[in-house]
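Worksheet: one structure, shown below.
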2 protein chains.
Amino acid sequence: MNVPEFIRRKREGEALTPDEIKEFIDGYVAGNVPEYQVSAFLMAVFFKGMTPEEAAAFTRSMLESGDRFDLSDIEGPKVDKHSTGGVGDKVSMILAPLMAAADCIVPMVSGRGLGHTGGTLDKLDSIPGYKWNLNEKDFKKVLGKVGCAIIGQTDNFVPADKQLYSLRDVTATVESVPLICGSILSKKVASGVEALVMDVKCGSGAFMENEERANELARNLVEIGTALGKPVSAIITQMNQPLGIAVGNALEMRETIDILKGHGPSDAREITLVLCAEMLCLAKKAANPVEAHAKLSHLLDSGAALDKFKHWMEAQGGDPDIIDKPSLLEVSDETDVVEASRAGYVQSVMTRDIGVACNTLGGGRMKKTDEVDLTVGLLIHKKPGDKVEKGEPLATLHHRGGKGLEDAKKLTANAYRLGEAAPAEELKSVIGEMRAR
Amino acid sequence: MNVPEFIRRKREGEALTPDEIKEFIDGYVAGNVPEYQVSAFLMAVFFKGMTPEEAAAFTRSMLESGDRFDLSDIEGPKVDKHSTGGVGDKVSMILAPLMAAADCIVPMVSGRGLGHTGGTLDKLDSIPGYKWNLNEKDFKKVLGKVGCAIIGQTDNFVPADKQLYSLRDVTATVESVPLICGSILSKKVASGVEALVMDVKCGSGAFMENEERANELARNLVEIGTALGKPVSAIITQMNQPLGIAVGNALEMRETIDILKGHGPSDAREITLVLCAEMLCLAKKAANPVEAHAKLSHLLDSGAALDKFKHWMEAQGGDPDIIDKPSLLEVSDETDVVEASRAGYVQSVMTRDIGVACNTLGGGRMKKTDEVDLTVGLLIHKKPGDKVEKGEPLATLHHRGGKGLEDAKKLTANAYRLGEAAPAEELKSVIGEMRAR
């Protein structure tokens with residue numbers, strides 16, 4: 001193919017055909033199209049975007065570059081959720097067993113945290129014995145038995161995305177909406193899902209900081225999913241405060257179990273139920289979100305989801321005793337407290353800085369090669385709208401030997417904006433606009 | 001340096017500092033910044049442009065990447081001309097000895113033709129014995145003795161441009177104005193010029209097909225030249241018809257000698273005089289273009305320029321007998337004629353197609369590796385505004401054994417648009433808007 005001409009046409013905003021997009025991606029994966037041409041193409045896409053048809057062809061080409069899990073011999077609707085990444089987001093570990101309890105199949109292939117956001121695999125690493133590196137056969141065995149499983153990417157899982165992701169990272173083309181959509185959707189479709197609910201985070205702790213960008217991403221995910229023949233529903237949720245109370249790997253796993261027991265912070269529980277209700281509707285197991293919500297609340301409160309969680313742990317090697325002995329999820333007992341410098345109301349929390357504070361303590365990675373300490377993190381005591389007295393604790397920091405403590409305290413203290421009056425009600429709401437499927 | 005952040009800032013339209021631009025270009029030439037990052041940067045520049053300061057720093061960084069001819073021990077103002085490329089453009093070979101006759105130094109480093117346009121080195125290759133591959137020492141020797149010299153690039157001549165040019169070619173980033181300016185100006189400044197006149201071609205045979213783009217390029221060249229401390233004047237000339245009558249290497253050299261003898265087509269003579277007049281003003285050897293034009297016309301008509309041409313040939317190994325025996329410039333005697341299919345007036349000539357017809361006969365290269373036959377080409381008998389009878393010759397094609405003849409005839413015939421009425425006068429004019437220095 002004439003690659004410069006292919007790039008030029010994208011540069012001029014002309015639409016590319018599915019066949020030539022596939023030839024380009026295949027050529028890249030095979031090593032025949034050099035990276036310097038791919039990166040010029042990615043930058044042209046950053047400026048000119050893609051039509052839904054182009055983006056679907058791009059996603060399909062990536063999808064076809066490697067393994068594609070065949071779950072057709074497992075009974076039940078295969079549904080999944082994907083979040084664009086936030087702080088304190090432990091939804092996946094609650095959602096997977098809850099949906100399994102509702103007779104759905106959740107074939108989740110997850111990743112690690114990077115930047116200020118956490119990653120599901122890191123959180124699961126805090127569970128003694130949990131094995132995330134299953135092959136396709138064992139993954140399907142767990143899915144057939146339990147209904148849910150969470151694993152890491154297999155070696156030949158969407159290699160086009162692995163290559164493109166690394167290249168985007170070093171060429172300042174990460175933020176392009178069609179490239180983000182292709183990366184997410186190719187992996188989800190490769191994992192065998194039939195329908196997907198997207199949790200598009202928006203706010204100070206999200207990659208999409210404003211609603212316009214979040215809406216654009218949501219709309220594109222729905223359009224491209226449709227073009228691929230996979231129903232996608234996107235829900236925009238606020239990430240202007242950490243989700244729940246716990247930020248940090250073992251701390252978040254403890255909170256996960258709290259919520260599965262019917263306790264825990266209401267925002268994390270509610271977001272989980274809203275996302276699951278949407279999934280249940282896509283799976284045609286409920287007529288509408290209201291009916292779905294009621295059914296799922298019952299499954300959570302009755303202990304059915306917790307029961308599934310136990311079976312899931314047993315199936316993937318995790319110690320099920322963590323349910324009754326949360327101390328098996330090791331949290332550092334060295335703590336320090338960030339106190340309010342004045343009395344007033346919490347106006348806002350710069351949520352990204354809370355995520356960075358957790359990283360600073362050792363709880364996440366800013367570079368891929370950083371080691372993660374699963375035992376550190378933060379407990380958030382005050383959220384937007386809360387009234388505080390001077391000297392009252394805003395957050396407790398679990399650290400290891402004081403590592404990164406001073407910086408983390410500064411980041412946390414500065415993340416809180418306090419004011420005289422209570423903030424407007426909308427600042428406190430967590431679930432934003434829901435997009436039509 | 002943080003290269004992704006550098007690219008991201010350009011992508012967002014932020015201005016880059018001279019130091020970081022230099023670090024980036026140095027890193028690229030040294031092999032420390034990979035091509036996939038450079039190409040993403042080039043595409044970001046395509047979309048976001050550069051400020052004059054950025055473009056000057058970019059040009060300076062390229063300039064500093066290799067040899068830089070020091071002409072300070074040669075007396076006289078060092079001036080040069082550069083054209084953006086056209087069809088039938090033999091100006092350089094007339095202009096260089098003419099300016100030398102006017103006591104200026106013209107240190108011309110030229111290139112080969114590519115695409116539909118011709119190249120000066122190819123034209124010079126038709127002169128028996130002419131040596132273009134001089135080193136800096138011999139180049140300076142000729143300049144000191146004659147006042148003008150035309151050579152090809154030395155091995156270490158602006159290596160950053162060599163690398164960037166190849167990369168732009170395969171990543172669809174050739175057309176970016178600041179990248180074009182950097183490429184042109186870095187080479188011109190490296191060749192030792194103190195002032196430059198740019199011939200920006202505009203029209204159906206030029207790379208800039210419309211006036212808006214030609215104006216943008218002209219304005220940028222002047223601005224960046226100023227920022228580099230080198231006066232640049234840009235003149236926009238029409239390339240809506242081949243320049244002169246001859247198109248093809250040996251044919252154009254024959255026409256060159258005609259013009260140096262005071263004969264030849266008036267459009268090529270007039271453009272040369274206008275460009276030279278501008279150069280003479282920049283060199284402060286004339287008070288204004290009118291005075292300069294009169295002086296230069298005299299040098300041409302008196303034979304002083306032809307005399308310089310002879311000395312130049314002797315100094316660079318070319319056979320001076322070509323002046324009296326044009327047959328030494330070998331032209332194929334196999335000819336065919338394209339005739340007018342109807343009576344009427346020539347409305348326009350698709351000039352690019354005339355250039356492509358010459359290539360098709362073997363007279364140019366569409367790919368760098370194509371071999372060039374110096375003996376083939378076209379003589380253009382009818383130009384826009386000319387009245388023709390049905391069956392009258394429009395052009396004579398010199399071919400070799402019929403190679404490419406049928407295609408070239410078709411291209412030539414289709415390039416002519418004939419109509420009932422004479423075209424508007426402006427269509428026939430050759431010299432367009434002149435830009436202020």
Side-chain angles (χ1 to χ4, degrees), chain A residues 1-14 16 20-21 24 27-29 31-50 114-115 160 162-180 207 209-210 213 366-368, chain B residues 1-14 16 20 24-25 27-29 31-50 114-115 160 162-180 207 209-210 213 366-368:
Chain A
M1 80 186 297
N2 184 339
V3 177
E5 177 62 12
F6 175 83
I7 302 169
R8 190 197 62 77
R9 284 171 50 219
K10 171 44 65 191
R11 192 195 78 188
E12 296 302 306
E14 295 175 25
L16 305 167
E20 59 193 350
I21 290 171
F24 180 74
Y28 175 41
V29 174
N32 298 327
V33 176
E35 291 198 304
Y36 55 75
Q37 289 184 319
V38 179
S39 64
F41 173 76
L42 295 175
M43 189 59 86
V45 170
F46 179 88
F47 282 100
K48 288 294 179 170
M50 282 186 175
L114 190 61
K162 278 185 195 145
Q163 288 177 234
L164 281 170
Y165 198 88
S166 308
L167 191 59
R168 283 164 59 205
D169 197 36
V170 292
T171 57
T173 50
V174 169
E175 296 91 334
S176 161
V177 165
L179 301 182
I180 295 171
F207 287 108
E209 293 194 16
N210 65 61
R213 291 268 298 149
M366 296 307 282
K367 297 195 307 285
K368 275 186 191 170
Chain B
M1 82 186 295
N2 184 338
V3 177
E5 178 62 12
F6 175 82
I7 302 169
R8 190 197 63 75
R9 283 170 49 219
K10 173 41 66 191
R11 193 195 77 190
E12 297 302 306
E14 295 173 26
L16 305 167
E20 57 193 351
F24 180 75
I25 296 295
Y28 174 43
V29 174
N32 298 326
V33 175
E35 292 199 302
Y36 55 76
Q37 290 183 319
V38 178
S39 64
F41 172 76
L42 296 175
M43 188 59 87
V45 170
F46 178 89
F47 283 100
K48 289 292 179 171
M50 282 185 175
L114 190 60
K162 277 185 195 144
Q163 288 178 233
L164 280 170
Y165 198 89
S166 307
L167 190 60
R168 283 164 60 205
D169 196 37
V170 292
T171 57
T173 49
V174 169
E175 296 91 334
S176 162
V177 165
L179 300 182
I180 294 171
F207 287 110
E209 293 193 16
N210 64 62
R213 291 267 297 149
M366 296 307 282
K367 296 193 308 285
K368 276 186 191 170

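So you know, we letter chains A, B, ... as the sequences are listed, proteins then strands, and number each from 1. The shown structure was predicted, so the numbers you read here are calculated from the model rather than taken from an experiment.
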Worksheet item: Does the distance from a Lys or Arg side-chain N to an Asp or Glu carboxylate O, for B/Glu175 and A/Arg8, drop under 4.0 Å?
Response: no
Worksheet item: Any chance the rings of A/Tyr36 and B/Tyr36 have centres within less than 6.0 Å?
Response: no
Worksheet item: Who wins among B/Val170, B/Thr173, B/Ile7 for the most heavy-atom pairs under 4.5 Å with chain A?
Response: B/Val170
Fill in: B/Phe47 vs A/Arg11 side-chain heavy atoms within contact, under 4.5 Å
yes
Fill in: Shortest non-hydrogen contact between A/Ala40 and B/Thr171, atoms and distance
CB-CB, 3.7 Å
Practice prompt. Check whether A/Phe6 gets within reach of chain B through its side chain, its backbone, both or neither, counting any heavy atom under 4.5 Å.
Written response: neither
Worksheet item: In terms of heavy-atom pairs under 4.5 Å with chain A, which of B/Glu5, B/Lys10, B/Met43 leads?
Response: B/Met43
Worksheet, complete the sentence: When the 4.5 angstrom heavy-atom criterion is applied to A/Asp169 and chain B, the contacting part is backbone
Fill in: Residue A/Leu42 versus chain B: region with a heavy atom under 4.5 Å
neither
